[in-house]
Amino acid sequence: MDRFVIEGGRPLDGRIAVSGSKNAALPILLAATLADEPVRIGNVPCLRDIDTTIQLLGLLGCRAEREAGGDVVIHACDLRPEAPYDLVRTMRASVLCLGPLLARLGTARVALPGGCAIGARPVDMHLKGLEKMGARFSLEHGDIVGSCPDGLHGAHILLDFPTVGGTENLIMAAVLADGETVIENAAREPEIVDLAEFLRACGARISGHGSSVVRIEGVPRLAGCCYQVMPDRIEAGTYLVAAGITRGRLELEHCPLAALDAVTAKLREMGMRIEARGDVVVAEATGPLMCQDVTTQPYPGFPTDMQAQIMALMTVSQGAGTITEGIFENRFMHVPELCRLGAHITLAGQTAVVRGVQRLTGALVMASDLRASACLVLAGLAVQGTTVVRRIYHLDRGYEAMERKLAAVGACIRREKE
Ligand code: EPZ
């Protein structure tokens, strides 16, 4: 296992290029199985989860490879309906192959993804929506076995909750279904808009994506296409916080500012300066930062994937603030690790109360999940001294070359083997 060793206390200064979005690329790569011609996808980040998805596509019978130039080319020429547990358990997003497999093959066998560190993460809403479209499911030895012998048909689906993955699975299932599907209370995340735009580029007929009512008119087939994945708004938000927590100044290239309204609004409330200048976004913290109150919500609310990162910033800001986690039931595992660095945080159910301190102190801390690991790296950048973040494999799932990007703007950070 790898770990990061960080000598903090140095204001960052320089330019960082934001990579392609993990949470847009994952569904888009799996959606490529809906096309019966080759698909070329660009701006796909080099991440462990992307490698896992390319491996899964291979197991599903696709020709899927990343070319030297970085594009991923996929041809679902000989699709097979099975996604095995030992791969699904390493990446929950594998469940997003359920919709496409049912749409193309009328059958699917996908291991039921277990929970993960941040929560149980059931897929009941995915299955309920697909059943409305004519699919039938059984659970066999831990696998979701789905079938729709008469094919999928359009349906009017009202989601109990704007589930991101559920909305994505249902859109992918609906693009080849017979008739129109309406998804009400759909998730509105920018990654869903990106998925829909990719499918439209392949010939799908989708409207309303990005709003809470998405309409899909089924078509007989999807053609191939070339598509560029959107930049990663959570990676960008993480580096906005890096500028603030080190009291530095960063210029972000390819920063999807419009997809970060709730994050930039909160960081500005805390006292950061964030503004677009030409084709870069400049983020800096010149004066003191003030804690604020944050509640994570579905988009366009404050994203749960930025909760741990803004908590790190608040630990070294003035005053006190509350952070309420409104999406996942167990997404505070970074709290005890931040307290090991000297942060003052108390938990009451789904709310953390953060009282800012003058400075954090270095320690050995343990990453528990993707965004918690980013939070601990951010805190380490603020520590006057040495911080060691263990189990960095969590970070490698979702941040492309983080230590290289941070070192290039002045951070003293190195990766070591445990
Ligand atoms: C996506 O997960 C993202 N992952 C997550 O990012 C992100 O935190 C989450 O959306 C919320 O924005 C990808 O896009 C690959 P949900 P997803 O379905 O689709 C409950 C990261 O750090 N729920 O919107 O799994 C669920 O338990 C990752 O990049 C059901 O109860 O999220 C959760 O409490 C972490 N039944 C809530 O809804 C269902 O059928 C939101 O889940 C589906 C979801």
Side-chain angles (χ1 to χ4, degrees), residues 19-31 45 47-50 52-53 56 88 90-99 110 112-132 137 144 157-172 183 185-195 212 229-230 232-238 259-260 262-263 295-309 325-334 350 367-375 394-400:
S19 301
S21 164
K22 166 180 87 80
N23 289 352
L26 293 181
I28 287 172
L29 290 175
L30 291 169
L47 301 169
R48 210 149 60 86
D49 275 7
I50 297 296
T52 304
T53 304
L56 171 61
V88 172
T90 66
M91 188 187 68
R92 305 180 30 74
S94 310
V95 75
L96 293 176
C97 69
L98 202 52
V110 179
L112 185 65
C116 71
I118 62 177
R121 301 186 72 182
V123 292
D124 54 304
M125 290 188 264
H126 300 232
L127 303 183
K128 211 163 97 181
L130 290 167
E131 282 170 346
K132 284 209 165 169
F137 294 101
I144 304 169
I157 300 163
L158 171 60
L159 291 171
D160 294 341
F161 179 86
T163 155
V164 171
T167 302
E168 290 168 342
N169 240 334
L170 293 172
I171 289 175
M172 291 189 283
I183 305 170
N185 197 23
R188 300 168 53 189
E189 274 67 6
E191 293 76 21
I192 289 177
V193 174
D194 216 27
L195 169 64
S212 54
V229 172
M230 68 174 279
D232 193 314
R233 64 190 170 105
I234 303 301
E235 183 198 22
T238 304
L260 279 165
V263 174
T295 298
T296 68
Q297 304 167 58
Y299 193 85
F302 191 93
T304 176
D305 292 349
M306 280 296 302
Q307 180 255 102
Q309 296 91 310
E325 173 55 50
I327 306 293
F328 289 107
E329 66 266 28
N330 187 35
R331 204 169 196 177
F332 281 140
M333 282 164 302
H334 42 284
Q350 288 303 308
S368 52
D369 60 82
L370 169 55
R371 306 305 173 180
S373 43
C375 150
H394 290 293
L395 196 89
D396 293 337
R397 297 191 52 181
Y399 286 92
E400 187 176 60

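Read the numbers this way: they start at 1 and go in the same order the structure lists the ligands and their atoms.
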Sub-3.5 Å pairs, protein N or O with ligand 1 N or O:
{"unit_1": "ligand 1", "atom_1": "2 (O)", "unit_2": "R121", "atom_2": "NH2", "d": "3.2"}
{"unit_1": "ligand 1", "atom_1": "6 (O)", "unit_2": "N23", "atom_2": "ND2", "d": "3.3"}
{"unit_1": "ligand 1", "atom_1": "6 (O)", "unit_2": "D305", "atom_2": "OD2", "d": "2.9"}
{"unit_1": "ligand 1", "atom_1": "8 (O)", "unit_2": "D305", "atom_2": "OD1", "d": "2.6"}
{"unit_1": "ligand 1", "atom_1": "8 (O)", "unit_2": "D305", "atom_2": "OD2", "d": "3.4"}
{"unit_1": "ligand 1", "atom_1": "8 (O)", "unit_2": "R331", "atom_2": "NH1", "d": "3.4"}
{"unit_1": "ligand 1", "atom_1": "18 (O)", "unit_2": "T163", "atom_2": "OG1", "d": "2.7"}
{"unit_1": "ligand 1", "atom_1": "19 (O)", "unit_2": "G165", "atom_2": "N", "d": "2.8"}
{"unit_1": "ligand 1", "atom_1": "22 (O)", "unit_2": "R331", "atom_2": "NH2", "d": "3.3"}
{"unit_1": "ligand 1", "atom_1": "22 (O)", "unit_2": "R371", "atom_2": "NE", "d": "2.9"}
{"unit_1": "ligand 1", "atom_1": "24 (O)", "unit_2": "V164", "atom_2": "N", "d": "2.8"}
{"unit_1": "ligand 1", "atom_1": "25 (O)", "unit_2": "R121", "atom_2": "NH2", "d": "3.0"}
{"unit_1": "ligand 1", "atom_1": "29 (O)", "unit_2": "K22", "atom_2": "NZ", "d": "3.0"}
{"unit_1": "ligand 1", "atom_1": "29 (O)", "unit_2": "N23", "atom_2": "ND2", "d": "3.0"}
{"unit_1": "ligand 1", "atom_1": "29 (O)", "unit_2": "R371", "atom_2": "NH2", "d": "2.8"}
{"unit_1": "ligand 1", "atom_1": "34 (O)", "unit_2": "I327", "atom_2": "O", "d": "2.8"}
{"unit_1": "ligand 1", "atom_1": "36 (N)", "unit_2": "P122", "atom_2": "O", "d": "3.3"}
{"unit_1": "ligand 1", "atom_1": "36 (N)", "unit_2": "D124", "atom_2": "OD1", "d": "2.8"}
{"unit_1": "ligand 1", "atom_1": "40 (O)", "unit_2": "P122", "atom_2": "O", "d": "3.4"}
{"unit_1": "ligand 1", "atom_1": "40 (O)", "unit_2": "D124", "atom_2": "N", "d": "3.1"}
{"unit_1": "ligand 1", "atom_1": "40 (O)", "unit_2": "D124", "atom_2": "OD1", "d": "3.3"}
{"unit_1": "ligand 1", "atom_1": "40 (O)", "unit_2": "M125", "atom_2": "N", "d": "2.7"}

Can you see which heavy atom on A31 is nearest to which on L195, and at what distance?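 Closest heavy-atom pair between A31 and L195: CB-CD1, 3.7 Å.
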Pairwise distance [atom1]([X]) to [atom2]([Y]) - rounded to 0.5 angstrom:
{"X": "L56", "Y": "M91", "atom1": "CG", "atom2": "CE", "result": "6.0 Å"}
{"X": "N169", "Y": "M125", "atom1": "CG", "atom2": "CE", "result": "12.5 Å"}
{"X": "Q309", "Y": "R371", "atom1": "CD", "atom2": "CZ", "result": "6.5 Å"}
{"X": "L30", "Y": "S94", "atom1": "CG", "atom2": "OG", "result": "7.0 Å"}

With L170, which residues qualify under side-chain contact (heavy atoms from CB on, under 4.5 Å), at least two apart?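 Here the qualifying residues are L130, M133, I157, L159, I183.
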